[in-house]
Structures are given as C-alpha cells and as structure tokens.
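Written out below as structure tokens is the structure these notes cover.
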Amino acid sequence: MNHMDTVKRILELLYDRGEGFFTMEELASASGIDRADLDRALDLLRHRGHALEVVPYRGVRLAAPVRLDAHLIERELGTQRVGRCVICFDQVDSTNDVAFDSARSEGADGLGVLAESQRRGRGRMGRRWISPRRTNLLLSVLLIDPEGELAQEALTIAAGLAVAEGIELPGVPEGRLKWPNDVLLDGRKVAGVLVEIRTVAEKRTVVVGIGINANASPPDEEVDFPATSLRRELGHPVERTELARRVLRRLDEWVGRVASGRMEELRTGWMSRCGMLNRRITVLSGEERYVGRALDINPLEGLILECDGGQRVHLPAAGSTVVGWGP
Ligand code: BT5
C-alpha cells in the first residue's frame, strides 16, 4: 500500500468508528504501519482539513462535524453516472460554477462538486442561497449532454425527488415537493434545486445544483418562505457524508430515468410527493400572475393549472414561482 492509500485507509477507519476512539496502537496496527508513520499520516489528515480529537488514554477520533471528503463520499458509492468522481472544496463562489469550469476535463460527466461554503451561492432568478460554513450540503453535479436528453424541467423534478428520497431518515417528516424546485418538510423549505444549462466546448452541459439544510437554516426574516433543517426536525445533528451519498445515489437513479425518457415515472413520483395538487395556488410566471387549481405536471412542459377563469395553462418551471397556496 502506498502512502496515500494508507492515509485514506486511516481516514476510513476513523470515519467508520464514528464517535468511538481508536487507540494509537490499534489504529497503527489496523492500518498496517508503525507509530512514526501513523503520526505523519495523522498530520497529513489535519493538513487536509480534518479536525482530530486526541484524548489521553482514549486515543483519536474525527471531530464533529466531519469535514466533507471526496474519498469518503466516493467509496463504494456504486453509481452508474452521478458521483463517479467527487471533489470537495472549503470555499468556492458557487459549486455550480466550479462544475461548469470542470466540464472540459476528461471524464468529467457525473462529477460531483461539494463545498463547505459558498461566497456567492445562488438560487433561481438572481436570488441568493444562504448557508453557514461546514453545516449543510452544497452540491453540484455536472452532466455532459451532447444529445440533449436531459430536459431542464425534467431534471429539476428528478433532483427534487432524489433529495426528498435522500433525506428520508427515521424521524424526518415526508419530503414534499413545491413546484418547481423546492423540497419541503411540514411546509418549510429544507432544500432547493437549481438546474443550469450552458454550452461548453460546443457541448450542451447541464449542472444540477442542490442545497440541503442539513444542520442549519436561515431565520425567517432572511428568506421569503419559511425554512427548516434536518437537524431542526430531528433534534440532533446530521452526518453529512452519508447524506451526500444517499442523495448522489438517488440522483443517479433519477437522472438515469430522465436520460432514458421514463417521464411517466417522474410524473408519478412527483404526484406522490406533491403538496399542492388540486389546491388553489398563485404562480408568478415571468411577468404574469396566475391563480387557479394545480391539476397535473408534465415533466417536459411544466405545471398544468386550471385558472379561475376556466382556461388551462402550462407554466414552464423556468421563470415560475409559486407565491401562495390555499386549500
Ligand atoms: C433555490 O432557488 O432554491 C435553488 C437553490 C440552489 C442552491 C444550490 S447550493 C449548491 C449550488 N450552488 C449554487 O450556487 N446554488 C446551488 P430559489 O427557488 O430561487 O430560492 C432562493 C430563495 O430561497 C432565496 O431568495 C431565499 O428566500 C430562500 N433561501 C435562501 N437560502 C435558503 C436556505 N438555506 N434554506 C431555505 N431557503 C433559503
């Protein structure tokens, strides 16, 4: 085993032990190195940003919150496309931008970009995404789509479903989707999705950006819709590595469905988690305001609304926001 493999192995051992400690002797022997090499490997882990807690007579463990680490996320992930390669940053402007910037690299399709914080995290239509450092998941997945198989509308729904499934933990209420791009728990926003499309090196390139409030959410006065976090729902902190892995796996499945045109599965998935079907809602779409009953979703065309005047309209996800809903 080379030096880097040893460091990865030590990280795995520490991570898998969770809150438990490893004595130095035990850790050295489990990773097959001597004490001096172990000290060097632990220094390297610290250098990579992992906080270690060393307690006399007990040993060493990873301090919480565990820093997001590409190796721990990629390890035996088992996905076809999404997250085959992962990179983690401390701070970036926006993980969506980093993903687009990586699109020219060899084998970039499916790349997952995570960051501990963003300087300019964005939502749709110039809005901001707020997330304190090292608390939540800020994730972007790059998909190179030269054949145009991945429609923006469909991917937005797919990502919402992937998040709703990925955050399913005992004690968390069922994730509901607020069209087009929000995931709610008990009527409060826990995650948002931002799908962006650009042409890079003459290829259609899609980035699915996902922000999940794992351990913190902005106070009500900072957002235009009430927010929540998984921690708030559960009453205890949430480990982000496993959460990222679950979301990547679900996203892999849903992206696979979109790529192979299985839109009916998307529609069914959305219907089963939609909190607004048959309710009277108000939608701002572009400059227009529509009030009516949400009838259906078409994963390629958007929301089908029966307006109060009786006419039916298809509202595209891009540029639309639900601003109010009633019974
Ligand atoms: C979204 O936009 O909900 C999409 C958010 C996508 C964020 C991810 S993070 C990783 C990737 N990199 C990026 O730069 N972005 C993506 P929208 O529907 O426009 O909602 C934005 C609105 O949600 C804001 O105007 C606030 O009112 C509210 N908001 C901001 N931060 C929030 C948070 N952490 N939790 C809940 N609501 C929030």
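Ligands are counted one by one from 1 in listed order, and the atoms in each one are counted from 1 as well. Count residues from 1 along the sequence.
- In terms of protein heavy-atom proximity, atom 24 (C) of ligand 1 is nearest to Arg128 O, 3.3 Å.
- Taking every non-hydrogen atom of Leu139 and a distance limit under 4.0 Å, the qualifying atoms of ligand 1 come out as 10 (C).
- With hydrogens and angles disregarded, a donor-acceptor distance shorter than 3.5 Å links the side chain of Arg61 to the backbone of Glu19.
- For ligand 1, the atoms sitting less than 4.0 Å from at least one non-hydrogen atom of Asp182 are 3 (O), 18 (O), numbered in the order shown with element in parentheses.
- Residue-ligand proximity, Ala227 to ligand 1, at heavy-atom distances under 4.0 Å covers atoms 35 (N), 36 (C).
- Taking a cut-off of under 4.0 Å to the non-hydrogen atoms of Ser140, the atoms of ligand 1 that pass are 11 (C).
- Here the shortest heavy-atom pairing between Trp129 and Ala191 reads CH2-C, 4.1 Å.
- A side-chain contact (heavy atoms from CB on, under 4.5 Å) with Leu230 holds for exactly one of Val190, Asn215, Asn136; it is Val190.
- Heavy atoms of Asn213 found under 4.0 angstrom from ligand 1 belong exclusively to the side chain.
- Nearest protein heavy-atom contact of atom 12 (N) of ligand 1 is Gln118 OE1, 2.9 Å.
- At a 4.0 Å heavy-atom cut-off, ligand 1 does not touch Met125 at all.
- The distance from atom OG1 of Thr321 to atom NZ of Lys178, rounded to the nearest 0.5 Å, is 7.0 Å.
- The single protein non-hydrogen atom nearest to atom 10 (C) of ligand 1 is Thr95 OG1, 3.1 Å, given as residue, atom name and distance.
- The shortest N/O to N/O separation between Ile130 and ligand 1 falls below 3.5 Å.
- Proximity of Ile210 to ligand 1, defined as any heavy-atom pair under 4.0 Å, is confined to the backbone N, CA, C and O atoms.
- Under 4.0 angstrom from ligand 1, the non-hydrogen atoms of Asn181 all belong to its side chain.
- The contact set between ligand 1 and Leu138, taken as ligand atoms under 4.0 Å from a residue heavy atom, comprises 9 (S).
- Of all protein heavy atoms, the one lying nearest to atom 15 (N) of ligand 1 is Arg122 O, 2.8 Å.
- Between the side chains of Ser131 and Gln118, no donor-acceptor pair is found at a separation under 3.5 Å.
- Contacts of Pro218 with ligand 1, taken as heavy-atom pairs under 4.0 Å, involve the side chain alone.
- Smallest separation of non-hydrogen atoms from Asn96 and Leu194: ND2-O, 3.5 Å.
- Looking only at protein heavy atoms, the nearest one to atom 5 (C) of ligand 1 is Trp129 CE3, 3.4 Å.
- Between Leu248 atom CG and Glu74 atom CD the span is 10.0 Å, to the nearest 0.5 Å.
- For ligand 1, the atoms sitting less than 4.0 Å from at least one non-hydrogen atom of Gly121 are 14 (O), numbered in the order shown with element in parentheses.
- Ranking the protein heavy atoms by distance from atom 29 (N) of ligand 1 puts Val223 CG1, 3.5 Å first.
- Atom 27 (O) of ligand 1 has Asp224 OD1, 2.8 Å as its closest protein atom, hydrogens excluded (heavy atom only).
- Where the criterion is an N or O separation shorter than 3.5 Å, residue side chain and backbone included, Ser131 fails it with respect to ligand 1.
- Here the straight-line distance linking atom CH2 of Trp270 with atom OG1 of Thr156 works out to 12.5 Å at 0.5 Å rounding.
- Close approach of ligand 1 to Ser94 is summarised as follows: ligand atoms under 4.0 Å from at least one heavy atom of the residue are 12 (N), 13 (C), 14 (O).
- A donor-acceptor pair under 3.5 Å is formed between the side chain of Ser229 and the backbone N or O of Arg232.
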Before giving the answer on side-chain hydrogen bond (donor to acceptor under 3.5 Å, both in side chains), spell out for Tyr290 and Gln311 the whole-Å C-alpha distance, their side-chain angles and the decisive distance to 0.1 Å. CA-CA 11 Å; Tyr290 297 89; Gln311 79 276 28; over 6 Å; no
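- Of the protein's non-hydrogen atoms, the one nearest atom 20 (O) of ligand 1 is Lys189 NZ, 3.1 Å.
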I'd like to know whether Val258 forms a side chain to side chain contact (heavy atoms under 4.5 Å, CB included) with Met263, so could you lay out the CA-CA distance, the side-chain angles of the two residues, the decisive distance to 0.1 Å, and finally the verdict. CA-CA 7 Å; Val258 176; Met263 295 302 155; 4.1 Å; yes
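- Here the CD1-CD1 distance, from Ile73 to Ile87, works out to 11.0 Å after rounding to the nearest 0.5 Å.
- Side-chain contact of Arg267 with Asn298: a donor-acceptor pair under 3.5 Å is absent, judged by distance alone.
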